[in-house]
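See below for the structure under consideration.
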Amino acid sequence: MEPVKVGLLGLGVVGEGTARVLARNAQEISRRAGNRIEVKSAAVRNLGKAEALGIEGVALTTDAMSVVDDPEISVVVELMGGCDFARECVMRAIENGKHVVTANKALIALHGNEIFQAAQDKGCMVAFEAAVAGGIPIIKAIREGLAANRIAWLAGIINGTGNFILSEMREKGRDFDDVLAEAQALGYAEADPTFDVEGIDAAHKLTILASIAFGIPLQFEAVYTEGISAITSEDVSYAEELGYRIKHLGVARKSKDGVELRVHPTLIPERRLLANVNGVMNAVLVNGDAAGPTLYYGQGAGAEATASAVVADIVDVVRTMTADPHNRVPHLAFQPESLSNLAPVSQDAFESAYYLRMEACDQPGVMADVSRVFGDLGISIEAILQKEPAEDSSVVPIILLTRRVNEGLMNEGIARLEALSSVDKPVVRIRVESLG
Ligand code: NDP
Ligand code: HSE
């Protein structure tokens, strides 16, 4: 039997990892796929850099479209990143009747609806396991393993770079920029690392997870996104004193009003497994009505962990290439005509508990003022910490934990606190999730 010929678009961190895993485990992989898989060619921008990798038997080109248009290639594996050119290549591959595998979460989150429609019309597969949580087979788990369930919510640490930064800051007291530079050197970060630290990458991934969990179209613009760049070492240690860890969490929750989609730093009780997911590791907790809570853990970024997911997709594609397209697993888990238009819930209607930190004048009555603001609004305080003022300082840090409350009401509470003459602006707010 002729081997299935694959064309790689990109031979960077993930592309190189994919080529190496395919070569190293060729025998195991072909025993699983039922056919040999051969990388025929790879497109890059810098030929010299790619040649230096010493990957044998793969023709290199700087013309990605020549790979996409090559009639011998049946599977195009897009590992370049970015949206515009990647979208052009993927749409043309589909037009040419080729199957596509991609690790590009931005592409799927922003253009997935259009890409899947085109793929469905042409009977092509578009597989994207590597787009979420690196080596964890979370797409397959939700789309297939949990197909019996109504999923109420999911929450996950879905950016390896961000988790690596927060873990190193907490465990070793390292500086934010220094850890970010290490994450970039290790190949974890996006080409533009603000995508990692500002939560955009996690929002892309949450968009995909919410879609396959709830059977809704991809709607990236509906995700509320907050990054980790404003997290200070003080907040990390106050959180710890209160029995919490700060994690950058993506949360998707179905409510009576619609679907809540949010990415933000979050205090999680330290006894929860998610609070103990450190370094580049990712984890996703999924709450299904039949299975109950299930947790998926593994390396969230890096060459071979991500290649593991890319190659698994290639194997899936090779196994089902000859199957009737109607008998394949739908791209977004639900049959396309059965996707529902659950409305996104606005930020004001989110519900969560809160950690607040403020700098207040070291004078009598301040605590009473703060308590009155919350008492007037009916917001219950769960815990309160007042720290000693620093030497030569007349301000004291006050840290509060509240019970669950509507975000609109909390915004009002924070505005009233910031209006007090005894409290400095801004009041720091971090959401708290018990994940019970
Ligand atoms: P890299 O920057 O390491 O690699 C990108 C590759 O694409 C390089 O070989 C680059 O060539 C090539 N390339 C870029 N633009 C073009 C173009 N116009 N024509 C031809 N080749 C091009 O990125 P990563 O491997 O880190 O990421 C690739 C994708 O995988 C992204 O979508 C990313 O979000 C995703 N991903 C990354 C993970 C990770 O851990 N790094 C994990 C999960 C997903 P050259 O080097 O010559 O410029
Ligand atoms: N930059 C991403 C991360 C790569 O750090 O999680 C994996 O998607």
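Just so you know, these numbers use all the heavy atoms, side chains as well, and skip hydrogens, waters and symmetry mates. Indexing begins at 1, ligand by ligand and atom by atom, following the structure's order.
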Shortest non-hydrogen contact from [X] toward [Y]:
| X | Y | result |
| --- | --- | --- |
| I208 | A131 | CD1-CB, 4.2 Å |
| A189 | Q184 | CB-CG, 3.7 Å |
| A127 | V317 | CB-CG2, 4.4 Å |
| M80 | A86 | CE-CA, 4.0 Å |
| L435 | L274 | CD1-CD1, 3.4 Å |

Which heavy atom of the protein is the closest neighbour of [atom], given with residue, atom name and distance?
| atom | answer |
| --- | --- |
| atom 5 (O) of ligand 2 | T161 OG1, 2.6 Å |
| atom 8 (O) of ligand 2 | K105 NZ, 2.5 Å |
| atom 6 (O) of ligand 2 | G160 N, 2.7 Å |

(Q) When you measure from the heavy atoms of A189 to every atom of ligand 2, does any distance fall below 4.0 Å? (A) yes

Q. Within 45 degrees of the axis of the six-membered ring of Y355 and under 6.0 Å from its centre: does R429 put its NZ or CZ there?
A. no

Q. Does the cation-pi check pass for R170 over F176, that is, NZ or CZ under 6.0 Å from the six-membered ring centre and within 45° of its axis?
A. no

Region of [X] engaging ligand 2 - heavy atom pairs below 4.0 Å:
| X | result |
| --- | --- |
| A103 | neither |
| N159 | both |
| V280 | neither |

Atoms in ligand 2 with a heavy atom of [X] nearer than 4.0 Å:
| X | result |
| --- | --- |
| A301 | 3 (C), 4 (C), 5 (O), 7 (C) |
| K205 | 2 (C), 3 (C), 6 (O), 7 (C), 8 (O) |
| D196 | 1 (N), 2 (C), 3 (C), 5 (O) |
| E190 | 1 (N), 2 (C), 4 (C) |

Q. Which of these, G300, G302, P193, A202, has its nearest heavy atom closest to atom 7 (C) of ligand 2?
A. G300

Q | side-chain contact (heavy atoms from CB on, under 4.5 Å), paired with E407, selected from N411, V405, L409 | A | N411

Q: Could you pull out every protein residue that has a heavy atom closer than 4.0 Å to ligand 1, ordered by chain and then number?
A: G10, L11, G12, V13, V14, A43, V44, R45, N46, K49, L79, M80, G81, F85, A103, N104, K105, A130, G187, E190, A301, G302, T306

(Q) Determine whether a donor-acceptor pair (N or O, by modelled atom type, separation under 3.5 Å) exists between the side chain of K105 and the backbone of H204. (A) no

(Q) Tell me whether S308 contacts the main-chain N or O of E304 through its side chain, where contact means a donor paired with an acceptor under 3.5 Å. (A) no

Q. Between Q117 and D121, is any side-chain donor less than 3.5 angstrom from a side-chain acceptor?
A. yes

Q) Among all residues two or more places apart in sequence or in another chain, which pass the side chain to side chain contact (heavy atoms under 4.5 Å, CB included) test with E226? A) Y224, H264, P265, R431

